[in-house]
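Please read the structure below before turning to the comments.
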Amino acid sequence: QLAKNLFQIRDDANEGPVSGIVIDKTKEWLTAIQLERNFTKREIITMYLNTVEFGGNAFGIKSAARTFFKKQPFELSVTQSALLIGMLNNPALFSPVKYPERALRKRNFVLQRMAESGYISATNLPELASLPLDLQYEPENQNRGLATYFRGYLEEELHNWARKNNYDLYTDGLRIITSIDSRLQRHAEEVVSNQMKRQQAKFNAHWQGRTPWEAPAYIARVAVQSARFRQLKEKFEGNEDSVWAVLKKPVPMRVFSWEGEKDTVLSPLDSIRYYKGFLHTGMMVMEPESGHVKAWVGGINYKHFKYDHVKQGRRQPGSTFKPIVYAAAIDNLGYTPCDRELDSPVTIGNWTARNYDRSYTNAPVTLRAALGRSLNTVPARLTQRLGVSTIVNYARKMGIASPLRSYPAICLGTEAVTLYELLGAYATFANSGIWTKPFYLVRIEDHNGNVLQEFSPKSREVMNAERAYLMLHLLQGAVQEQGGSSLSLLRYKAAKGNDIAAKTGTTQNYADGWFIGITQELAGAVWFGGDDMNIHYQDSNGTGSRTALPIFGEFMEKAYADKKTGLRKRPFKRPRSLSVTLDCQQYLEAIKRVDSTQYVPPVDSTLKNQGFAEEF
């Protein structure tokens, strides 16, 4: 049995030119002899109990104890241990879930043998045999437990590794060490659940029973694009009338709700309509310096919504893309947070950049105030000076791997990216200008603790430490400048007295809400929105400051309040060599003799400024 479990002799991949049950049995027999020669009886039974299947998707005694009793092996009682041992020779036949009476008889038989062998007292046997099974059955599967979205993403990566290295991911007892912090992960999942339940109620009230999409044929279009539609069309040989008849026929089904799963009767079309009404989110938290991912929440419920909004989903980032533009300007053009640009509509080619609220000061504003208030005009002017190709290049240097089209509006976040990429880019600022790819798989060990492979993150220098610190100071404007887009973050205790760089983002028609926050110890990103851009709010209730920011704020509150996380409020690391003034009032007084209407910020003479007739 152990030979079969360890070496999968009967697996198709291990078949030789001659195969069959006799050949397989012979191979197992010869392998068993080698095991007997090299291991003690105790080692053999240990290996066996660590690899044998108990049913319920439980492989090994540790998994079985957790599945049937929610315990560790050392916590099992005598009767619980006897039940599991009784199942071994036929887990299906003696399943305590399907055949409790049969399993009880088998358990008591094991107890009797234990009494006969002197492992338990014969006087205690009647009392033990009278005890119930006392199951707490919860089979392990990918839909339950901590970090389901993360585990679902990691599984495919691990499968590839196991295939290349000749291991079985499920039966070889591999230990997978990741960077996820279970405490922060639990806080993140709890916050997402609480916040999204409230946001969904608010969203439903906002639409007052109407559908949150405007196109009347939207649901039909979604149905036509589904795999179910294609399968039915093939089944009915292209007869779409038959397909629609099936899609409109009510059938019993169990659906997700924020009050728990519920049984109902819906047609497949009604099911699409029902699920399209749900809001979704993605959240990731990482350490900027190490690049270690500490929490990963890919959605609201992994069982019903498998799509991962951390690394799988791409959405327009809106204003959360702007810091990449500012970083390029500081690193290429010699800008500082106190330098100014004109706040008025700017036209580049046939595109005009306007502020969100269509109001303008028509005067120069500091870069810090412009980013803090999330003006659109200033990053557009910076893009005009830099050239779009420079913006794209900086996005690439900061880890944005998604497709990016080179046109002016990119500066306002019109090109879809992943949350994973965007948070990695922001973490560069808190890591002294070093971009580190968000890192989650630390090492893989065998069942004896021997290291099979260690992993290390990719990194590269994007800018020097001084300019990275200037970016953090710029981003602090969101919580410090008058009219800052993230001022509401200050209602959380964890934000007060803590250095926080922040940025909100909102896309057209309030389809996407974003928030990214950075402290010296943690960087976190939240995306919020519907299944696609057709599902959205109708007003400012859908802005990132009202949708995504509260998720981050509540998480930060819990994370910093939990003493076990070891988090504390710390200032950003200021480079000793920093010589740029960060007091913009003092800076502006020094240049007050300059006519503001004629003000032109310093430009690095080494940069070749390309003409925009050619650029666009």
Side-chain angles (χ1 to χ4, degrees), residues 184 187-188 191 195 283-290 294-295 317 319-324 326-327 330 337 366-374 419 422-433 465 467-506 513-528 543-562 565-575 578 582-584:
L184 295 177
H187 289 315
V191 167
Q195 283 284 339
M283 180 181 186
M284 193 176 92
V285 178
M286 65 181 286
E287 287 179 348
E289 293 186 4
S290 68
K294 293 299 178 182
S319 294
T320 53
F321 190 85
K322 291 174 183 175
I324 295 176
Y326 283 82
I330 284 177
T366 66
L367 264 60
R368 191 172 194 257
L371 184 58
R373 290 157 49 193
S374 202
L419 184 149
L422 197 58
L423 182 58
Y426 271 68
T428 303
F429 306 136
N431 192 29
S432 302
R467 290 169 179 173
Y469 184 81
L470 293 182
M471 280 304 306
L472 289 175
H473 184 68
L474 269 178
L475 286 161
Q476 285 180 276
V479 293
Q480 294 177 356
E481 292 282 342
Q482 184 177 359
S485 63
S486 303
L487 287 173
S488 60
L489 191 66
L490 297 177
R491 70 172 180 261
Y492 299 96
K493 291 180 182 178
K496 295 176 181 177
N498 199 3
D499 272 8
I500 296 180
K503 189 71 194 78
T504 58
T506 310
W514 291 81
F515 182 79
I516 300 181
I518 309 172
T519 67
Q520 186 58 53
E521 295 186 310
L522 286 181
V526 178
W527 167 84
F528 175 101
T543 58
S545 61
R546 297 189 182 187
T547 58
L549 183 152
I551 296 175
F552 178 84
E554 188 179 334
F555 166 78
M556 191 169 66
E557 198 84 318
K558 287 181 177 292
Y560 275 84
D562 184 350
T565 65
L567 296 173
R568 56 189 178 87
K569 298 178 181 180
R570 295 172 56 195
F572 288 124
K573 292 181 179 178
R574 177 169 175 152
L578 187 69
L582 299 179
D583 186 338
C584 291

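Between the CZ atom in R467 and the CG atom in L474 there is a gap of 13.5 Å [rounded to 0.5 Å]. In this structure, OG1 in T565 is found 8.0 Å from CG in L522, a value given to the nearest 0.5 Å. Atom NE2 in H187 sits 3.5 Å away from atom CG in D562 (nearest 0.5 Å). The line from CD of Q476 to NE2 of H473 is 7.0 Å long, rounded to the nearest 0.5 Å. Put simply, CD on Q482 and CZ on R373 are 8.0 Å apart, with the number rounded to the nearest 0.5 Å. For the atom pair L423 CG and I518 CD1, the distance stands at 7.5 Å (nearest 0.5 Å).
Considering only heavy atoms from C-beta on, Y326 stays 4.5 Å or farther from L475 through its side chain. Using a 4.5 Å heavy-atom cutoff, the side chains of L371 and K503 are in contact. No side-chain heavy atom of Q195 sits under 4.5 Å from any side-chain heavy atom of M283. Side-chain contact between K573 and S432 is absent, with no heavy atoms from C-beta onward closer than 4.5 Å. Within the 4.5 Å cutoff, no side-chain heavy atoms of L422 are placed close to those of L419. Between Q520 and D499, every side-chain heavy-atom pair lies at or beyond the 4.5 Å cut-off. Side-chain contact between L582 and Y469: present, with at least one pair of heavy atoms (C-beta onward) separated by less than 4.5 Å. Looking at T519 and Y560, their side chains come closer than 4.5 Å, going by heavy atoms from C-beta outward.
For the pair A502 and V479, the tightest heavy-atom approach, listed with the atom from each and the gap, is CB-CG1, 4.3 Å. Across every non-hydrogen atom of A427 and P288, the tightest pair is O-CB, 3.9 Å. For S488 against S545, the heavy-atom pair with the smallest separation is OG-O, 4.1 Å. Scanning all heavy atoms of the two residues, the minimum distance from A501 to F572 falls at N-CZ, 3.7 Å. Counting all heavy atoms, side chain and backbone alike, A295 lies closest to A188 at CB-CB, 4.0 Å. Looking at every heavy atom in both residues, K569 comes nearest to N498 through CA-OD1, 3.5 Å.
For F515, the ring-ring contact (aromatic ring centres under 6.0 Å, His included) partners are F552, not counting sequence neighbours. Listed by chain and number, the residues in a side-chain hydrogen bond (donor to acceptor under 3.5 Å, both in side chains) with K322 are S319, S374, N376 (sequence neighbours excluded).
At least one donor-acceptor pair closer than 3.5 Å links the side chain of Y426 to the backbone N or O of T320.
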Working for side-chain contact (heavy atoms from CB on, under 4.5 Å), residues L549 and Y492: CA-CA 11 Å; L549 183 152; Y492 299 96; 4.3 Å; yes
Residue pair V526, T547: steps toward the side-chain contact (heavy atoms from CB on, under 4.5 Å) verdict: CA-CA 9 Å; V526 178; T547 58; over 6 Å; no
Test log, rule side-chain contact (heavy atoms from CB on, under 4.5 Å), inputs I500 and M556: CA-CA 11 Å; I500 296 180; M556 191 169 66; 3.6 Å; yes
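Among residue pairs with one or both ends in residues 473-497, those qualifying as salt bridge (charged side-chain N to carboxylate O under 4.0 Å, His left out) are R368-E481; sequence neighbours excluded.
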